[in-house]
Amino acid sequence: MGILGGGGFSLPVITQTEVVDVKITVTDNALNQMKKTMEGDEETHCLVISAQSGGCSGYLYDMKIIEKPDSQNFQIQNFEGVEVFIHNGDSSLLNGIELDFKDTLMGGGFNITNPNASRECGCGQSFG
Amino acid sequence: MGKCDYYIHECSFTVAEGKDSIEHINRLITSNIKLISNLESVDTLICNANGRITDSLQILRIEEQLLLLGNPEVAENTRKLIVSGIHWNEDVRIMNGDMILSKISVIGSEENLQKVIPKENIRLNEKKWFIYDEKYFKKTIYEETSKIDIILRTSEIERFIEEICSSNNKLTKENWNRFRVENGILSFQEYEQNLLPSELGLDKFVDLKKGCYPGQEIHARLESRGKLKRKIKKFNSDKNIQPGKYNSENGKKINITTSTGKNGFFIVNNLEEEKIKIEDLSLSHEELDSIEIC
């Protein structure tokens, strides 16, 4: 069993406690692109925007269109039928972000401006 | 029993478990632990986005769990960082083991250390930890002596010391620092100086090929075209000197991080061979041959 198991004790689990009400904005370009990408799956799918540790600046953005997860730990905003999910654990990192889309051959794609970030990586995927 | 010295460390213990824990911790540190095997440990660093060291960790894999030994002075910040970056869809749980676990180092000759290990005929492997009676052992060999690190439950520490170390000598922090300085082992006194890994000679704990981690851009730039502004060295003084910041007579800024009186570590800018004079004392200095972290 080893040092960490058995022995009649369990270690205290550390959890993320800071949860804030999230409000994000989405530009017209980003909304149009989200609708295009969803291709009519708005009823069953959503866009999840999240943050995870890593990248050059401390945190990495992650965006995925997935089947709607159990909404229990998420905050949801609806943009003309497209639902954006943000997990409570990411709420303090992502509150206030603006989601934009740039339709250019180089450096194009979704782009996040984050008021909580004191620095951002050159590629735009990492912030801290 | 032959004579050894032992030291009870002040350590923070954090446990990460869940199937994504290695991937998660790997994104935060300067080394690559993706291939870490059971009972293997990796010494590594956590840096901020400016590339400066914020904590040093020894990461030990115990089956599906990772045990992270860090510096208690910054443990709260390190744990906050680890917890705040867990992806919503990842299976990672972070636990605090500070009240449960302890670490002891026993130092002595090879022959005497063999008697410390409570099972005959087991020679410890330098690369892997060895488990016996719910305690973890690892040996490190230095030039003139060897050290066995032991991780055990805090509730067992008294009994263990009585059984194994009773005829041995408990080291004070000052004596432990003496051992550190002799063997090039850095500690929090060095990490807290807001330095880059290269400035402390810790490049071997930085893997620039593993992909992005906080501070990686700075480390990569330094490696490709940078020049170190500061460097850690070992000093010998003709009089006792306390840790602190000094200006030398020849205009150097001297930051003594660890001093055992007349020996220690210091950080200095662009130093050649010259001796350093600070008021009425004189420091000679040398490069550190091998540098370890604890």
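The chains referred to below are lettered A, B, ... by the order of the sequence lines, with proteins before strands, and numbering in each begins at 1.
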field: A/Leu11 side, atom CG; B/Ile94 side, atom CD1 - distance, nearest 0.5 Å
entry: 11.5 Å
task: Sort out for me which of A/Pro12, A/Ser118, A/Gly58 touches chain B most, counting heavy-atom pairs under 4.5 Å.
output: A/Pro12
- prompt: Of all the residues in residues 204-221 of chain B, which have a heavy atom that comes within less than 4.5 Å of a heavy atom in chain A?
  reply: B/Cys212, B/Tyr213, B/Pro214, B/Gly215, B/Gln216, B/Glu217
- prompt: Given a strict heavy-atom distance threshold of 4.5 Å, which part of A/Ile66 is in contact with chain B: side chain, backbone, both, or neither?
  reply: side chain
- prompt: With chain A, which of B/Leu28, B/Asn26, B/Ile86 has the greatest number of heavy-atom pairs at distances under 4.5 Å?
  reply: B/Leu28
task: Enumerate the residue pairs fulfilling ring pair (Phe, Tyr, Trp, His ring centres under 6.0 Å) with a member in residues 25-47 of chain A, sequence neighbours excluded, ordered by first and then second residue.
output: none
Under 4.5 Å from a heavy atom of chain B, the part of A/Ser92 involved: neither
query: If you look at every heavy atom in A/Ser50 and B/His87, which pair is closest and at what distance?
result: OG-NE2, 3.1 Å
field: Flag if over 12 foreign heavy atoms under 6.0 Å of CD, A/Gln125
entry: no
query: Counting heavy-atom pairs under 4.5 Å to chain B, which of A/Val48, A/Asn88, A/Leu60 comes out on top?
result: A/Val48
- prompt: So B/Trp88 and A/Phe74, would you call those rings parallel, tilted or perpendicular, with 30° and 60° as cut-offs?
  reply: perpendicular
query: CD of A/Gln52 to CD of B/Glu90: how many Å apart, nearest 0.5 Å?
result: 5.5 Å
message: For A/Met63, I'd like to know if atom CE has over 12 heavy atoms of other residues, nucleotides or ligands within 6.0 Å.
response: yes
message: So for A/Asp62, is it side chain, backbone, both, or neither that comes closer than 4.5 Å to the heavy atoms of chain B?
response: side chain
field: Between B/Cys47, B/Ser84, B/Gly51, the one whose heavy-atom pairs under 4.5 Å with chain A are most numerous
entry: B/Ser84
message: Is any side-chain heavy atom of A/Arg119 closer than 4.5 Å to one of B/Asn50?
response: yes
query: For A/Glu98, does the CD atom sit with more than 12 other heavy atoms under 6.0 Å from it, leaving out its own atoms?
result: yes
field: Heavy-atom neighbours of A/Asp28 CG exceed 12 at 6.0 Å
entry: no
